[in-house]
Amino acid sequence: MPTTHPRFGIWAQVNGTSGTLFHPEDPADATWERNRKLVLEAEALGFESTLVAQHLFNNRDDSLDQLETWAASAALAGLTSRIEIIAAIKPMLFHPVVLAKMASQIDEISHGRFAINLVNAWYKPEYERSGLTFAEHDARYDYGREWIHIVRALTEGERLTFEGKHFQIKDLQLRPTSRYKPRPTIYAGGESDAAQQLSADFADVWFINGQPPADVTRLIARVRALPRKGPPIRFGLAAFVVARASDEEAEAELAYLNSLKEKDAGVRQQMLANTDDKAEMFKTFARNPSFGTNGGTAAGLVGSYDRVAERIQAFADLGIELFMLQFQPFEREMRLFAEHVRPRVDRLARVAA
Ligand SMILES: Cc1cc2nc3c(=O)[nH]c(=O)nc-3n(C[C@H](O)[C@H](O)[C@H](O)COP(=O)(O)O)c2cc1C
């Protein structure tokens, strides 16, 4: 596979932190104002993408703020000018026709920079407390399959008639669809076989949780081998970065973060107790203890600026085209990445090209 020149994104701070709730310089802050400034700064620093995750309430502590994904993404679309905006969506929370309409509109507001990230849920209280059925793991994916079929067809401008188990659509077309590209890009997250199959069938990009290169290699090979119509699937990776002038300084910073994380033990336990025990992603996390969400530091982006750049390039050689990054304190570390790691990756990518 040819080397890809990687793109970099940041996780919007929808629940106010990517790491510990107890960092003295980075208290949980999920306000719109913080996220507005964060994404505008990321764009100015050259980050190409932002992921706005979706949770109805804060799954660490429901007394803390939680940013609403679709309202915030629409506002970001109007405020920014270059950065890609990826809004996560859990199919059970929105009817696909309404969602397709919203996606096309946000794509227009953003002049073609909008994308969705299809995620099929793992946190039970979000559904149960809302009076929604938290269906069994593979049943959620079956529902998601009908759901994304409809969203994809409608955002492509198709006049749709669809008779499914969950949805019946009659002679429906929506206008306008994207004036800038065939439709909003479809990302998908989830590691189970059902998630891989769904991604091969419907997604443009499959998001992988942060984990070591050998595991990423295996996952990419599996998904590439699945039957698929259309262009080859592309890959993104979640990762938490700790980069410093030397490996020793980066390891010391990670040790400090891990020491703060001990105070999150109760919150973590509560979250795990409310997790779908069939969710494959938590099995991956159990194998690879890490700091940060969605695999975090398990991707190994901890070390000197040179080391982190080299590891990014190695992942890019495996086929990762988008790195969705987390930091803590987010803004300070994001700036360090832009100043020190990004130019090194650009140099390595030019040499490899
Ligand atoms: C990059 C990335 C982003 C994700 N974002 C969300 C999210 O916003 N909301 C959510 O509930 N789950 C999110 N997930 C979780 C997964 O989509 C999925 O629900 C979980 O992995 C369980 O499914 P699995 O058994 O297929 O792994 C995300 C996963 C990845 C890799």
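These numbers come from a predicted model, not from an experiment. In listed order, ligands and their atoms are each counted from 1.
The side-chain hydrogen bond (donor to acceptor under 3.5 Å, both in side chains) check on R350 picks up nothing, with sequence neighbours excluded. Taking F235 as the reference, nothing meets the ring pair (Phe, Tyr, Trp, His ring centres under 6.0 Å) condition, with sequence neighbours excluded.
Summarising the geometry, atom OG belonging to S49 is positioned 11.0 Å from atom CD belonging to E43; distances are rounded to the nearest 0.5 Å.
Between F207 and Y187, the ring-plane angle classifies as parallel under the 30° and 60° cut-offs.
With salt bridges taken as basic N to acidic carboxylate O contacts below 4.0 Å, one links D26 and R34.
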Every pair of nitrogen or oxygen atoms between ligand 1 and the protein that is under 3.5 angstrom apart - can you list them with their distances to 0.1 Å?
from: ligand 1; atom 1: 8 (O); to: Q54; atom 2: N; distance (Å): 2.8
from: ligand 1; atom 1: 9 (N); to: Q54; atom 2: O; distance (Å): 3.1
from: ligand 1; atom 1: 11 (O); to: K90; atom 2: NZ; distance (Å): 2.8
from: ligand 1; atom 1: 11 (O); to: W122; atom 2: NE1; distance (Å): 3.4
from: ligand 1; atom 1: 12 (N); to: W122; atom 2: NE1; distance (Å): 3.3
from: ligand 1; atom 1: 17 (O); to: G189; atom 2: O; distance (Å): 3.1
from: ligand 1; atom 1: 19 (O); to: A121; atom 2: N; distance (Å): 3.3
from: ligand 1; atom 1: 23 (O); to: Y141; atom 2: OH; distance (Å): 3.2
from: ligand 1; atom 1: 25 (O); to: H137; atom 2: NE2; distance (Å): 2.7
from: ligand 1; atom 1: 25 (O); to: E280; atom 2: N; distance (Å): 2.7
from: ligand 1; atom 1: 26 (O); to: Y141; atom 2: OH; distance (Å): 2.6
from: ligand 1; atom 1: 26 (O); to: E191; atom 2: N; distance (Å): 3.1
from: ligand 1; atom 1: 26 (O); to: S192; atom 2: N; distance (Å): 3.0
from: ligand 1; atom 1: 26 (O); to: S192; atom 2: OG; distance (Å): 2.6
from: ligand 1; atom 1: 27 (O); to: E191; atom 2: N; distance (Å): 2.9
from: ligand 1; atom 1: 27 (O); to: M281; atom 2: N; distance (Å): 3.1

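Apart from Y256 itself, the hydrophobic cluster it occupies contains L260, where clustering links Ile, Leu, Val, Met, Phe, Trp and Tyr at side-chain heavy-atom distances under 4.5 Å.
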